[in-house]
Amino acid sequence: MNHLMRIFKAESPGHLAVIFIVFSITGLGAVFLARPLMEMLGITRDNIDTLIYWPLRIVFMLVAYQIMLVTVGTVFGQHAYFWRMEKKILRRFGIRL
């Protein structure tokens, strides 16, 4: 438990539980949100090749995840923590804020 708290820089076991809950809600939400967003833009499996559809879906999931991470983290009262995590993730993609 202490190892996980160090990795995630959690202040307490309760804070670590909140972090895991936010990550799980965000991940699941991004997967479910990607399809309706794509359909709103007219991108469906029926009208686009599979080799193009799935990479596009992954991009939509990544974007939805980035937005949802800070949003859900804020709802759980952890805006500062997840904003730091978001900046760290974006830096790995080569985006500096």
Side-chain angles (χ1 to χ4, degrees):
M1 180 71 103
N2 289 332
H3 182 67
L4 285 174
M5 287 178 60
R6 270 194 316 274
I7 290 172
F8 287 97
K9 295 179 177 71
E11 299 162 0
S12 67
H15 186 228
L16 185 64
V18 169
I19 291 168
F20 287 158
I21 290 168
V22 170
F23 277 127
S24 61
I25 290 171
T26 302
L28 188 62
V31 168
F32 283 115
L33 192 60
R35 180 180 290 159
L37 288 174
M38 291 176 73
E39 288 174 355
M40 278 184 355
L41 296 173
I43 303 169
T44 64
R45 285 189 206 171
D46 299 332
N47 66 3
I48 197 165
D49 187 59
T50 303
L51 293 175
I52 296 171
Y53 176 81
W54 285 105
L56 267 177
R57 177 115 187 240
I58 291 170
V59 168
F60 271 80
M61 283 188 280
L62 284 171
V63 171
Y65 183 84
Q66 303 311 311
I67 294 167
M68 288 181 65
L69 184 62
V70 176
T71 305
V72 174
T74 300
V75 168
F76 278 84
Q78 299 296 317
H79 176 78
Y81 178 85
F82 284 102
W83 182 241
R84 279 194 312 272
M85 291 294 279
E86 180 64 30
K87 288 191 286 189
K88 185 177 177 181
I89 292 168
L90 290 175
R91 266 187 255 127
R92 290 181 181 171
F93 285 115
I95 301 170
R96 302 265 181 210
L97 295 178

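A distance of 10.5 Å separates CG in L56 from CE in M61, rounded to the nearest 0.5 Å. Here I25 contributes atom CD1 and L69 contributes atom CG; the two are 11.5 Å apart, rounded to the nearest 0.5 Å.
A continuous path of hydrophobic side-chain contacts links M85 to F93 [ILVMFWY only; heavy atoms under 4.5 Å].
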For residues 27-43, which side-chain N or O atoms pair as donor and acceptor with protein atoms under 3.5 Å away, sequence neighbours left out?
none

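Remark: L16 pairs with M1, L4, M5, F8, A10, F20 by the side-chain contact (heavy atoms from CB on, under 4.5 Å) rule, at least two apart or across chains. Evaluation of the side-chain contact (heavy atoms from CB on, under 4.5 Å) rule for S24 yields no partner, not counting sequence neighbours. In this structure, the side-chain contact (heavy atoms from CB on, under 4.5 Å) partners of T71, at least two apart in sequence or on a different chain, are I67. Partners of Q78 according to the side-chain hydrogen bond (donor to acceptor under 3.5 Å, both in side chains) rule, which considers only residues two or more places apart in sequence or in another chain, are H15. Residues forming a side-chain hydrogen bond (donor to acceptor under 3.5 Å, both in side chains) with N2 (at least two apart in sequence, or on another chain): none. Residues forming a side-chain contact (heavy atoms from CB on, under 4.5 Å) with D49 (at least two apart in sequence, or on another chain): L51, I52.
A ring-ring contact (aromatic ring centres under 6.0 Å, His included) check over residues 52-76, counting only residues at least two apart or in different chains, returns nothing. Note on residues 82-95: no pairs pass side chain to side chain donor-acceptor pair (under 3.5 Å), not counting sequence neighbours.
Using a 4.5 Å heavy-atom cutoff, the side chains of H79 and V70 are in contact. Residues M68 and F82 form no side-chain contact, since every pair of their non-hydrogen atoms from C-beta on lies 4.5 Å or further apart. Side-chain atoms of I19 and Y81, non-hydrogen and from C-beta on, do get closer than 4.5 Å to each other.
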